[in-house]
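Below: one structure, written as structure tokens.
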Amino acid sequence: MLGIEFLATFISTGRPHGMGIGIGIGIGIGIGIGIGSTLDEVDRALQHRCVDVVGEGGTSLRRDYGFVEFYFNPGEQWVMSGGSIELHRLANAPELAARWGGSTGVEFSRYTAWADVREALSDVPSVPEFTVTDQGGFLEYRAEASCVSVLVVDDEEEERGYHAGHGDVWSVSLWAPVRAN
């Protein structure tokens, strides 16, 4: 599966599909992980090298797989509260995408143009509405329905090289919806 197809499904549903194994916040063989999944469930679904960064006082955990990150909150067990795909990291380290593609079946390019993702979104059912916000050099496309936001480089002077250029996706993030008490 191409990374652009994966992103289109992820953005529209908040749950990526089509991976060869359980990944990210998606559905894989035998196990799907997402908001509310435990750290043990993520470990069983995704067997990549990672770095764990525990927040001060043990109040949070960020698990970094290179260009994919998950965030966890403590409790009886660590529980996933969000995640992000940091596509901008691939411009300078394309080997991250090669390793990821080899084990998940999802092939990401060094750069991902937002225009290409928007075109791929036209092929998925239930394209969410976006709220667009200027983030100073970036535009945030926030899809409330799927709890996903896409950060796109909006500085016309930014060119592709060792970093993403104008019009490229910087990151795609998933957050836990706020629950009313």
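Please read all numbers here as calculations on a predicted model, not as lab measurements.
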Please step through side chain to side chain contact (heavy atoms under 4.5 Å, CB included) for the pair Phe67 and Ile85, ending with a clear verdict. CA-CA 6 Å; Phe67 76 103; Ile85 303 169; 3.9 Å; yes

For Val79 and Ser81, what are the C-alpha separation, side-chain angles and deciding distance, and is it a side chain to side chain contact (heavy atoms under 4.5 Å, CB included)? CA-CA 6 Å; Val79 177; Ser81 60; over 6 Å; no

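- The aromatic rings of Tyr141 and Phe130 lie perpendicular to each other, with more than 60° between the two planes, well past the 30° mark.
- At distances below 3.5 Å, not a single donor-acceptor pair connects side-chain atoms of Arg62 with backbone N or O atoms of Tyr71.
- Between the side chain of Ser12 and the backbone N or O of Ser126 there is no donor-acceptor pair closer than 3.5 Å.
- Other residues, nucleotides and ligands place no more than 12 heavy atoms under 6.0 Å from the CD atom of Glu119.
- Judged purely by atom type and a 3.5 angstrom limit, Arg89 uses its side chain to pair as donor or acceptor with the backbone of Gly66.
- Within 6.0 Å of the CD atom in Glu95, the count of heavy atoms belonging to other residues, nucleotides or ligands exceeds 12.
- The hydrophobic clustering, which links ILVMFWY residues whose side-chain heavy atoms are closer than 4.5 Å, places Leu39 and Val53 apart.
- Checked against the 6.0 Å centroid criterion, the rings of Trp100 and Phe108 do not qualify as a close aromatic pair.
- Atom CE of residue Met1 and atom CG of residue Leu7 lie 10.0 Å apart, to the nearest 0.5 angstrom.
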Could you pull out all donor-acceptor pairs under 3.5 Å where a side-chain atom in residues 158-168 meets a protein atom, sequence neighbours excluded?
from   : atom 1 : to     : atom 2 : distance (Å)
Glu158 : OE1    : His163 : ND1    : 3.3
Arg160 : NE     : Asp168 : OD1    : 3.3
Arg160 : NE     : Asp168 : OD2    : 2.8
Arg160 : NH2    : Asp168 : OD1    : 2.6
Asp168 : OD2    : Gly165 : N      : 2.8

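- Shown here for Thr9 and Thr13, the closest heavy-atom pair between the two residues is O-OG1, 2.8 Å.
- Annotation: the span from Leu2 atom CG to Asp116 atom CG amounts to 10.5 Å, rounded to 0.5 Å.
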